[in-house]
Amino acid sequence: MAASTLLFVASILLSSFALSCYASGTFSALQKSILLTSSPKSGQVLKAGEANITVTWSFNKTYPAGTDSAYKTVKVKLCYAPISQKDRGWRKTKDELKKDRTCQHKIVKRDYKPETDSVTWTVERDIPTATYFVRAYVYNAEEKEVAYGQSTNDGKKTNLFEVEAITGRHVSLDIASVCFSVFSIVSLAGFFYLEKRKGAASQQK
Ligand SMILES: *[C@@H]1O[C@H](CO)[C@@H](O)[C@H](O)[C@H]1NC(C)=O
Ligand SMILES: *[C@@H]1O[C@H](CO)[C@@H](O)[C@H](O)[C@H]1NC(C)=O
């Protein structure tokens with residue numbers, strides 16, 4: 001228990017550190033130059049851990065050629081629809097990208113390519129029950145967001161789908177087993193390190 005608490009605290013510290021290092025601008029300043037569609041039908045209910053989503057995206061060629069010359073990577077994310085953000089401060093939409101909590105679940109990170117790209121993703125087991133849409137952020141070489149595309153029309157209710165979480169008991173069992181595995185790996189690494197040091201010390205004698 002103590003070990004998993006420690007791990008938990010360590011991962012919180014690490015993620016807040018990562019967040020504070022993250023270069024950020026505002027969402028409203030991004031180019032909406034990516035066309036994106038997701039496979040679920042409007043209102044479809046997907047089971048976490050089972051259902052697959054296919055996301056397809058491409059550069060909107062109405063934008064002048066060369067607009068995408070600074071585009072380097074694409075991160076596709078699952079985002080909370082307004083109905084699932086209501087009364088939940090921890091999912092709040094903020095224009096400042098660093099503070100925005102709309103899109104918390106990464107689907108894939110890829111190098112940007114100007115042609116159509118797509119990914120098929122199995123909804124991960126830890127995705128909570130909620131209504132979602134899909135958004136792709138494009139980053140430049142400095143890992144700053146420069147463009148985006150999304151499966152829904154700004155603020156409208158089209159192309160939203162639902163995820164039904166697997167039961168709480170399974171999730172907590174999964175978390176317990178992940179914590180346990182991490183703990184075993186860390187102790188094993190520590191054990192080898194000590195053994196190696198002991199070996200090195202006895203060689204020096
Ligand atoms: C989702 O994709 C996985 C891996 O390709 C496959 O095994 C699984 O059957 C698919 N699930 C559904 C519901 O189609
Ligand atoms: C592509 O971009 C143009 C210019 O911003 C916009 O008018 C058009 O609606 C976009 N195309 C699609 C399919 O969204």
Side-chain angles (χ1 to χ4, degrees), residues 15 18-19 21-85 91 93-128 130-164:
S15 32
L19 275 176
C21 290
Y22 181 69
S24 182
T26 60
F27 183 69
S28 49
L30 303 181
Q31 290 172 332
K32 199 190 172 190
S33 55
I34 302 298
L35 304 173
L36 183 145
T37 56
S38 63
S39 59
K41 293 188 188 71
S42 255
Q44 192 174 338
V45 179
L46 306 169
K47 282 207 161 78
E50 290 175 19
N52 299 318
I53 298 178
T54 299
V55 183
T56 307
W57 64 95
S58 64
F59 179 64
N60 178 349
K61 297 216 165 59
T62 312
Y63 278 80
T67 302
D68 61 345
S69 57
Y71 295 3
K72 262 284 177 297
T73 51
V74 178
K75 224 182 262 178
V76 182
K77 290 178 159 187
L78 200 57
C79 311
Y80 291 107
I83 192 171
S84 292
Q85 295 178 299
R91 296 178 181 171
T93 294
K94 293 258 174 74
D95 193 43
E96 194 182 338
L97 289 163
K98 199 157 105 178
K99 294 189 177 154
D100 183 47
R101 299 283 175 267
T102 314
C103 307
Q104 298 186 14
H105 308 283
K106 190 180 99 179
I107 295 179
V108 77
K109 186 182 173 189
R110 290 264 178 90
D111 283 344
Y112 171 80
K113 54 174 196 170
E115 310 84 49
T116 302
D117 203 350
S118 83
V119 65
T120 296
W121 178 73
T122 305
V123 180
E124 278 169 9
R125 296 170 60 88
D126 62 348
I127 301 298
T131 303
Y132 295 94
F133 65 96
V134 178
R135 179 183 290 162
Y137 288 100
V138 179
Y139 299 78
N140 63 13
E142 284 80 50
E143 298 200 23
K144 190 175 182 311
E145 297 88 344
V146 285
Y148 79 102
Q150 57 189 13
S151 60
T152 185
N153 303 321
D154 315 272
K156 302 206 184 75
K157 289 178 180 159
T158 46
N159 301 321
L160 302 178
F161 56 88
E162 288 167 40
V163 169
E164 188 183 291

Just how far is it from atom [atom1] of [X] to atom [atom2] of [Y], taken to the nearest 0.5 Å?
| X | Y | atom1 | atom2 | result |
| --- | --- | --- | --- | --- |
| R135 | D100 | CZ | CG | 6.5 Å |
| Q44 | N159 | CD | CG | 11.5 Å |
| L36 | T116 | CG | OG1 | 11.0 Å |
| E162 | S42 | CD | OG | 10.5 Å |
| T26 | E145 | OG1 | CD | 9.5 Å |
| Y137 | E143 | OH | CD | 15.5 Å |

To check you understand the geometry: which heavy-atom pair defines the closest contact between [X] and [Y], and what is its length?
| X | Y | value |
| --- | --- | --- |
| W57 | S118 | CZ3-CA, 3.8 Å |
| A48 | I127 | CB-O, 4.0 Å |
| V146 | Y139 | CG2-C, 4.1 Å |
| T122 | E50 | CG2-O, 3.8 Å |

- Could you check whether the rings of Y148 and F27 sit parallel, tilted or perpendicular, using 30° and 60° as the cut-offs? tilted
Between [Y] and [X], is there a side-chain heavy-atom distance shorter than 4.5 Å?
| X | Y | value |
| --- | --- | --- |
| H105 | Y80 | yes |
| W121 | L78 | yes |
| T158 | F133 | no |

Main-chain N/O of [Y] paired with [X] side-chain donor or acceptor, under 3.5 Å:
| X | Y | result |
| --- | --- | --- |
| D111 | T73 | no |
| N140 | A70 | no |
| S84 | T131 | yes |
| Q85 | R91 | yes |
| S151 | V134 | yes |

- Item | From V123, L46, T120, residue fulfilling side chain to side chain contact (heavy atoms under 4.5 Å, CB included) relative to N52 | T120
- Only pairs at least two apart or in different chains count here, so list each salt bridge (charged side-chain N to carboxylate O under 4.0 Å, His left out) that has a residue in residues 115-124. R110-D117
- More than 12 non-hydrogen atoms from neighbouring residues, nucleotides or ligands closer than 6.0 Å to NZ on K47, yes or no? no
- Task: Begin from the C-alpha positions of L160 and I83 and carry the test side chain to side chain contact (heavy atoms under 4.5 Å, CB included) through to its verdict.
- Result: CA-CA 10 Å; L160 302 178; I83 192 171; 5.6 Å; no
- Query: For residues S33 and Y71, is any side-chain donor paired with an opposing acceptor at under 3.5 Å?
  - Reply: yes
